[in-house]
Undergrad: 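Handing you a structure now.
In what follows, chains carry the letters A, B, and so on, assigned in the order in which the sequence lines appear, proteins first and then strands, with residues in each chain numbered from 1. Worth knowing before you read on, the calculation uses all heavy atoms, side chains too, and leaves out hydrogens, waters and symmetry mates.
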Number of protein chains: 2
Amino acid sequence: MTASLDIVFAALADPTRRAILAMLLEDDMAVTDVAEPFKMSLAGISKHLAVLSEAGLVSRERRGRVIWCKLEPDALKAASVWMQGFGQFEAIDLDDFERFLATELSDPETVEPPQV
Amino acid sequence: MTASLDIVFAALADPTRRAILAMLLEDDMAVTDVAEPFKMSLAGISKHLAVLSEAGLVSRERRGRVIWCKLEPDALKAASVWMQGFGQFEAIDLDDFERFLATELSDPETVEPPQV
DNA sequence: CCCATATTCAACCATCCGGTTGACGATCAG
DNA sequence: CTGATCGTCAACCGGATGGTTGAATATGGG
């Protein structure tokens, strides 16, 4: 069920979608709640979620009226392995990551992101 | 000079461009030589190299008539850090990487790739 | 049953993307 | 100088992408 690198990288190439992934890192969310912090229409967010789902990065499960979105980090593994082959980057530094998230989210370029 | 994650991920989302990066992992190459294994026109490859260059993943240096293309693995670091924040993937396994390269390159979907 | 809520679908639009071809600018070889 | 080689530029094309709005499809609540 592993989506191709094409699709995974393409999914990651959009700041709105990366922001969504970062939100889902915190917790599972309903579509409406995912959409709330963005200026974009709900349908727009729904389409982004479809792209993320297509890439295997997010799964969606209907529970009653609400569809719950869940991060699927394993879908990143193939892409991660591919990238690690270049450069031999040092071991993961979670602080680096936090800093990065913060940077991207507070960046003016960024598309109305939720503050983590 | 670090290109945005948008641009880096977008650059990685194309199999031709990933194949080029894999080739440059071996050694620096002239544009014509990069283009040689592909069915695509030289101009097409030139455009791909421009995208990779824009993303900071490849640098180009003119020496005489020939422009030498060089892999710049550091440009992947930001993207790598971002990805590592999800999932906590285990330490880099170079064998995994080799296998992956081979898989992608031998995949029918792939765009006439050079065998590594 | 009826209505409100949650989400997607469908059509549409502007823009970007990957590819082509043909002309052009540089540089080396004779 | 002339000609071949290396590479990019410009214009063009079809198809994908990111967004919109408005209608349609669940589902749950009174």
Undergrad: Among D/dA11, C/dT5, C/dT8, find the nucleotide with the atom closest to the side chain of A/Arg65.
TA: C/dT5

Undergrad: Counting side-chain heavy atoms from C-beta on, which of C/dA4, C/dC28, D/dT21 comes nearest to A/Ser41?
TA: D/dT21

Undergrad: Contact between A/Leu57 and B/Phe86 at the side-chain level, heavy atoms closer than 4.5 Å - yes or no?
TA: no

Undergrad: Taking the minimum atom-to-atom distance to the side chain of B/Arg60, which one of D/dT8, C/dG18, D/dT20 wins?
TA: D/dT8

Undergrad: Between B/Val34 and B/Met23, what is the shortest heavy-atom contact and its length?
TA: O-CE, 3.8 Å

Undergrad: Could you state the CD-P distance from A/Glu61 to C/dT7, rounded to the nearest angstrom?
TA: 13 Å

Undergrad: In whole Å, I'd like the distance from the CZ atom of A/Arg18 to the P atom of D/dG18.
TA: 12 Å

Undergrad: Take the protein atom NZ of B/Lys47 and the nucleotide atom C1' of C/dG22, then report the distance between them rounded to whole Å.
TA: 14 Å

Undergrad: Mind checking the CZ-OG spacing from B/Phe9 to B/Ser4? Nearest 0.5 Å is all I need.
TA: 10.0 Å

Undergrad: Is there a path of hydrophobic side-chain contacts, each under 4.5 Å between heavy atoms of I/L/V/M/F/W/Y residues, joining B/Met40 to B/Ile67?
TA: yes

Undergrad: Just how far is it from atom OG1 of A/Thr16 to atom CG of A/Leu49, taken to the nearest 0.5 Å?
TA: 11.0 Å

Undergrad: Side-chain heavy atoms nearer than 4.5 Å, only ILVMFWY residues, links allowed to pass through others: does that put A/Leu42 and A/Phe38 together?
TA: yes

Undergrad: Rounded to whole angstroms, how far apart are NE2 on A/His48 and C1' on C/dT8?
TA: 15 Å

Undergrad: Go nucleotide by nucleotide along DNA chain C from the 5' end; which of A/Ile45 and B/Leu42 gets its closest nucleotide reached first?
TA: A/Ile45

Undergrad: Over the length of the helix from C/dC1-D/dG30 to C/dC24-D/dG7, how much do the five-pair end axes diverge, rounded to 10 degrees?
TA: 20°

Undergrad: What integer distance in Å separates A/Trp68:CH2 from D/dT27:C1'?
TA: 15 Å

Undergrad: Please give, in whole Å, the distance from D/dG18 P to A/Leu52 CG?
TA: 10 Å

Undergrad: Contact class for B/Gly44 vs. all strands (heavy atom < 4.0 Å): base, sugar-phosphate, or nothing?
TA: base

Undergrad: Side chain of A/Met40: nearest nucleotide among D/dT20, C/dG19, D/dT8?
TA: D/dT20

Undergrad: Can A/Leu5 be reached from B/Leu25 by stepping across I, L, V, M, F, W or Y side chains whose heavy atoms are under 4.5 Å apart?
TA: yes

Undergrad: Side chain of A/Ile67 only, please: which of C/dG18, D/dT8, C/dT8 is the nearest?
TA: C/dT8

Undergrad: The side chain of A/Thr16 lies closest to which of these nucleotides: D/dG19, D/dT8, C/dG19?
TA: D/dG19

Undergrad: Distance check needed: D/dA16 C1' versus B/Asp14 CG, whole Å only.
TA: 13 Å

Undergrad: From the list D/dT8, C/dG19, C/dT27, which nucleotide is the closest neighbour of the side chain of B/Ser46?
TA: D/dT8

Undergrad: For B/Arg62 and C/dG25, what is the distance between atoms CZ and C1' respectively, to the nearest whole Å?
TA: 9 Å

Undergrad: Base, sugar-phosphate, or nothing for B/Ala43, non-hydrogen atoms under 4.0 angstrom?
TA: base

Undergrad: About how many Å separate CG of B/Leu76 and CE of B/Met83, when rounded to the nearest 0.5 Å?
TA: 10.0 Å

Undergrad: For a quick check of understanding: with a heavy-atom distance under 4.0 Å over all strands, which category does A/Arg17 fall into, base, sugar-phosphate or nothing?
TA: sugar-phosphate

